[in-house]
Amino acid sequence: MESKTLAEPTVLDATLHHLRRASLPKVLQVQQGIVRATHDFMFRKGLTQLMPLMLSPITDPLNHGVVDATIGYADKPWSLTKSMIFHKQLALLNPELKSLYIVSPNVRLEFADRAETGRHLFEFTQIDFEFKGKDRFYVMEFMEELVNFIFARLNAELPEILLELRGELLPQYEKWPVYRTEKLEAAYGPDYERLKSEEAETPFWLLNHKREFYDKEDPAKPGTYLNYDLIWPEGFGEGLSGAERENEYHQIRKRMADVGTDEKVFKHYLDIAREDGLPKTAGGGFGVERMTRFICRLKDVDEVTVFSRKPFATSLF
Ligand code: ASN
């Protein structure tokens with residue numbers, strides 16, 4: 001009885017085991033390679049890097065519920081960043097700034113039901129980018145080019161690691177297929193995203209998701225949306241979400257009412273939309289750990305972390 005108790009791994013054992021995994025440094029080199037190549041690509045394409053913010057009176061309301069994370073400072077609540085979507089739009093009010101990107105830590109305190117999806121961490125990094133005066137076609141092509149650029153770099157820089165972790169070098173893709181949510185849902189049923197991802201051999205785009213108010217509604221087809229998700233193949237699922245943005249005051253308010261966003265929280269954002277007008281922008285953001293997971297063909301995205309960030313994990317550090 002006593003020896004059984006002694007033999008049971010403690011949380012400390014599990015924590016040490018997680019950070020001592022032999023494959024971890026190689027996975028981290030892949031992740032570092034992704035970030036290094038991305039910086040280079042962004043510089044070549046003329047995007048300006050912004051430093052991330054972790055606290056703001058407003059943050060992304062997100063499409064799904066998470067545990068609320070605010071802290072009190074200077075007599076008001078500050079939210080931990082869930083994404084820098086609004087800061088991307090607002091920064092582009094600067095007339096000289098045409099496009100930007102941020103290596104952006106996001107805190108999303110997912111509920112326990114997302115612990116075993118293999119795709120969620122309660123804290124992760126996304127590389128978020130936004131362009132003034134560009135549309136969805138531009139952003140989708142930009143992302144396709146970025147992925148090929150990163151993959152070619154990793155093949156050149158880390159071939160042995162890729163062969164060991166992935167079993168082969170990374171591909172160069174032609175144009176990615178494009179699907180619409182409503183068509184896939186009709187063909188595959190409610191689990192269409194997972195099923196299509198499992199069957200796919202190349203990344204694809206999934207258009208038209210009904211979600212946060214800032215993704216633009218298609219004026220030509222109200223009730224549909226000018227947004228796009230990158231879906232990784234082989235069952236790895238969503239890897240980027242992005243959209244053309246709502247930027248007109250009345251339309252933003254309509255969309256806020258549609259999805260039940262509290263206007264009071266966004267008072268100053270709405271004031272700017274009404275008085276100055278928000279710029280017309282489009283962009284997206286990809287999860288760094290999820291891209292690393294796809295490249296290394298890891299079962300769970302938490303295999304990318306040094307300190308587990310699995311939702312509801314009893315993390316010690
Ligand atoms: N980064 C995403 C975008 O640009 C938003 C998000 O992370 N929820 O649309």
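Whatever order the structure lists ligands and atoms in, that order sets their numbers, starting from 1. Position 1 is the first residue of the sequence; numbering continues from there.
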Heavy-atom gap [X] to ligand 1 smaller than 4.0 Å:
{"X": "K88", "value": "yes"}
{"X": "R108", "value": "yes"}
{"X": "Y214", "value": "yes"}

Measure Q89 to ligand 1 on non-hydrogen atoms and call it side chain, backbone, both or neither using the 4.0 Å cut-off. neither
Does S241 approach ligand 1 within less than 4.0 angstrom via side chain, backbone, both or neither, non-hydrogen atoms only? both
Of the non-hydrogen atoms in P57 and S79, which two are nearest, and what is the gap between them? O-OG, 4.3 Å
Check this for me: does any side-chain nitrogen of one of K254 and E248 sit under 4.0 Å from a carboxylate oxygen of the other? no
Nearest 0.5 Å, please: how far is CD1 in I127 from CG in L146? 8.0 Å
Using the salt bridge (Lys or Arg N to Asp or Glu O under 4.0 Å) criterion, which residues pair with E212? Sequence neighbours excluded. none
[atom]: which protein heavy atom is closest, and how many Å away?
{"atom": "atom 1 (N) of ligand 1", "result": "D128 OD1, 2.8 Å"}
{"atom": "atom 8 (N) of ligand 1", "result": "D60 OD2, 2.9 Å"}
{"atom": "atom 4 (O) of ligand 1", "result": "R245 NH2, 2.7 Å"}

Checking heavy-atom distances from atom 7 (O) of ligand 1 to each of R211, H64, Q126, the winner is Q126
Which pairs pass ring-ring contact (aromatic ring centres under 6.0 Å, His included) with one or both residues in residues 88-115, sequence neighbours excluded? H39-Y101
